There are 2 protein chains.
Amino acid sequence: MAAPEGLFALEGRPTAQLIADQLREQIVQGVFRPGEQINESVLASQLSTSRGPVREALQRLCQEGILVSRRNRGVFVLELAMEDIREIYAVRVAVESTAADALLDAGQEQVKDTSQALKAIISDMAKQVAVSDWKAIARLDMQFHTSFVAGAGNTRLIRIYKTLAAESRMCILNLAVAYPRIDVLVQEHQNLLDLLEAGHREELHKAITRHMESAVEDLTGTTEEGSP
Amino acid sequence: MAAPEGLFALEGRPTAQLIADQLREQIVQGVFRPGEQINESVLASQLSTSRGPVREALQRLCQEGILVSRRNRGVFVLELAMEDIREIYAVRVAVESTAADALLDAGQEQVKDTSQALKAIISDMAKQVAVSDWKAIARLDMQFHTSFVAGAGNTRLIRIYKTLAAESRMCILNLAVAYPRIDVLVQEHQNLLDLLEAGHREELHKAITRHMESAVEDLTGTTEEGSP
DNA sequence: GAACTGTAGATTGTCAACAATACCCTATAT
DNA sequence: ATATAGGGTATTGTTGACAATCTACAGTTC
């Protein structure tokens, strides 16, 4: 029952994983809005598959935290409150700081590889800023930080950060005005990269913390506490 | 939408979550050894249920990382290498340090509540050390650190740490001689508690780092490198 | 004897049907 | 009019059967 549709083939990799990845991407891109219900059956028919794999994928996303499941009611896209934003960014500081340490301890070679990847992302980001493509900017923003963490090579750190990145994109997408300080966005990331290459550990830590704190301010400042 | 304060969750996710919790507990207690395969069918019949819920539980544990799934082959208990130990404890340092900061920032009230819980755990730990009940010691060790993190109130941090605690227990259980420095075990945890109560942020960070580093030394020192 | 191929067994992956449950809407009584 | 009880409906939760796939073993050939 291969889908004649445009979505990729099974390709010997776990099906549920593929579905989960597609779903996650659609969620962080806003195809599904916060609070919206996701129906197993309709999703299964859309993907030309059965409810089994779809169910597994949904459960996976529930455990990641970007979906919430209510018993016998269904799964819904996570609704983010201000407290969630603070939590997410607090954990991001922890993860990225740890990644920074691990990266600097790993040696110049690894730093070099990582900074090359980061430089390319910053370059792309500058282009998208020029044309104000918000979705692309959000994607590249997360791609920068994900690559940064990935550079440390700690698989558990990477796994943790994957969820945080998804949640962050949901924050940015759903909480109205995403980047009020777009003029300094590229500059801030360039600063992080410079500090990494220079090996200034303490300064890098401080920069990461500031970067996240200002993000929290931007996000919480543009949002009224939405408690239903 | 105020939640009724009196009654707790009436089993929000009964079956799969229940099975997963049971499985995880058995895994960290060594009922299933590392590398051992877990059969869906036999587990289902043992639990008097179908393969569906069992499969969901297994997938959940796969995503947590204490099981690994090989396509069309089955799920196996995670085999920990020395690199894994270093990873786990590096992330634990990050999480606990962040929890410590959040706890100290949250105010004296929250610190008080947490330290009371920790004190009780240390007390129990001392008793179990006296009778050399290793499994109970390992459980209380993790309970201490889990309660510490839980005290910070960051749900994402707590969720992350749950997996780390399980993996740590697997390390301790599976890597032969668990606690070579049992005489200072209680003392070390008491030290962490004292620093928390005193509010010595920097000292607490250093103590957490030392605590984890010596744990890594103990674990990797008693293990022969089993890398293919 | 070694290497290759084909078959057998077992286990996971997938599917469609059945059952259980929570919510919504209506009817009824106070 | 409000509150309450009852049935209807939609959705998830569960089940057993079927299909796909991988490993291992045996048989055959050079």
Side-chain angles (χ1 to χ4, degrees), chain A residues 1-5 7-23 27 32-33 35-79 228, chain B residues 1-4 7-23 27 32-33 35-64 66-79 228:
Chain A
M1 291 97 200
E5 201 65 30
L7 29 91
F8 327 149
L10 308 178
E11 217 180 286
R13 297 197 52 165
T15 312
Q17 181 86 40
L18 295 177
I19 298 174
D21 290 341
Q22 287 188 12
L23 250 290
I27 290 170
F32 297 98
R33 308 304 294 270
E36 185 175 342
Q37 183 168 11
I38 296 182
N39 190 302
E40 290 182 359
S41 305
V42 304
L43 194 58
S45 57
Q46 282 177 0
L47 293 168
S48 302
T49 182
S50 177
R51 270 183 57 209
V54 171
R55 188 181 173 78
E56 284 186 11
L58 292 179
Q59 276 238 340
R60 201 169 272 219
L61 296 178
C62 283
Q63 201 179 346
E64 285 186 16
I66 68 177
L67 293 181
V68 290
S69 173
R70 293 156 69 180
R71 181 175 169 78
N72 288 315
R73 267 302 275 167
V75 297
F76 303 81
V77 179
L78 177 66
E79 294 185 89
Chain B
M1 184 160 172
L7 35 94
F8 271 99
L10 8 100
E11 307 262 23
R13 317 306 320 271
T15 315
Q17 184 77 285
L18 214 61
I19 296 172
D21 290 341
Q22 248 178 325
L23 251 290
I27 289 169
F32 296 98
R33 307 305 293 268
E36 184 175 343
Q37 183 169 11
I38 296 183
N39 189 303
E40 292 181 358
S41 305
V42 304
L43 230 175
S45 57
Q46 282 177 359
L47 294 168
S48 302
T49 182
S50 178
R51 268 182 60 210
V54 171
R55 188 179 172 78
E56 283 186 12
L58 292 178
Q59 248 221 342
R60 197 166 281 216
L61 296 177
C62 283
Q63 201 179 347
E64 285 187 16
I66 67 177
L67 294 180
V68 290
S69 173
R70 292 196 273 172
R71 186 176 170 84
N72 290 315
R73 276 289 288 166
V75 297
F76 303 82
V77 179
L78 177 67
E79 293 185 272

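Keep in mind that what you see is a predicted model, and the values were worked out from it rather than measured. So you know, we letter chains A, B, ... as the sequences are listed, proteins then strands, and number each from 1.
One can place CD of B:Gln17 at 15 Å from C1' of D:dG13, the figure rounded to the nearest angstrom. Rounded to an integer number of Å, the gap from CD of A:Gln59 to P of C:dG13 is 15 Å. What separates CD of B:Glu40 from P of D:dA17 is a distance of 16 Å, to the nearest Å. Note: CD (B:Gln37) to P (D:dC22) measures 15 Å, nearest angstrom.
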Which is it for B:Val75 and B:Leu61 under the side chain to side chain contact (heavy atoms under 4.5 Å, CB included) test, yes or no, and what are the steps along the way?
CA-CA 10 Å; B:Val75 297; B:Leu61 296 177; over 6 Å; no
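Judged by distance alone, the side chain of A:Gln17 and the main-chain N or O of A:Pro14 form no donor-acceptor pair under 3.5 Å. Side chain of A:Glu79 to main chain of A:Arg33: no donor-acceptor pair is present (N/O by atom type, distance under 3.5 Å, no hydrogens or angles). Judged by distance alone, with hydrogens and angles left aside, the side-chain atoms of A:Gln22 form no donor-acceptor pair with the main-chain N or O of A:Ile19 at under 3.5 Å.
Distances shorter than 4.0 Å separate none of the side-chain N or O atoms of A:Asn39 from OP1 or OP2 on D:dA10. Of the side-chain N and O atoms in B:Ser69, none sit less than 4.0 angstrom from OP1 or OP2 of C:dT12. Contact annotation: A:Thr49 side-chain N/O to C:dC15 OP1/OP2 distance is under 4.0 Å.
When distances run from any side-chain atom of A:Arg55 to the nucleotides D:dG13, D:dT15, C:dC15, the shortest one goes to D:dG13. The side chain of B:Ser41 approaches C:dT12 more closely than any other nucleotide in the set D:dT15, C:dT12, C:dT14.
When the local axes at the two ends of the helix from C:dG1-D:dC30 to C:dT30-D:dA1 are compared, using 5 base pairs at each end, they differ in direction by 10° after rounding to 10°.
Using a 4.0 Å heavy-atom cutoff across all strands shown, A:Leu58 reaches no nucleic acid atom at all. As judged by a 4.0 angstrom heavy-atom cut-off over every strand, A:Gly74 is placed among residues touching the sugar-phosphate backbone only.
Looking at residues two or more places apart in sequence or on another chain, you find a side-chain contact (heavy atoms from CB on, under 4.5 Å) between B:Ser50 and B:Pro53. Here B:Arg55 pairs with A:Glu56, B:Glu40 under the salt bridge (charged side-chain N to carboxylate O under 4.0 Å, His left out) rule; sequence neighbours left out. Annotation: side-chain contact (heavy atoms from CB on, under 4.5 Å) contacts of A:Asn72 (sequence neighbours excluded): none.
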Set out, line by line, the N/O atom pairs under 3.5 Å between protein and nucleotides 19-25 of chain C.
unit_1: C:dT21; atom_1: O3'; unit_2: A:Asn72; atom_2: ND2; d: 3.3

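Two residues are said to be in side-chain contact when any heavy atoms from C-beta on lie closer than 4.5 Å; B:Gln59 and A:Arg60 meet this criterion.
For the pair B:Ile38 and A:Arg51, both in contact range of DNA chain C, the more 5′-proximal nearest nucleotide belongs to B:Ile38.
The side-chain contact (heavy atoms from CB on, under 4.5 Å) test with A:Leu23 singles out one residue from A:Ile66, A:Ile38, A:Val77, A:Leu18, and that residue is A:Ile38.
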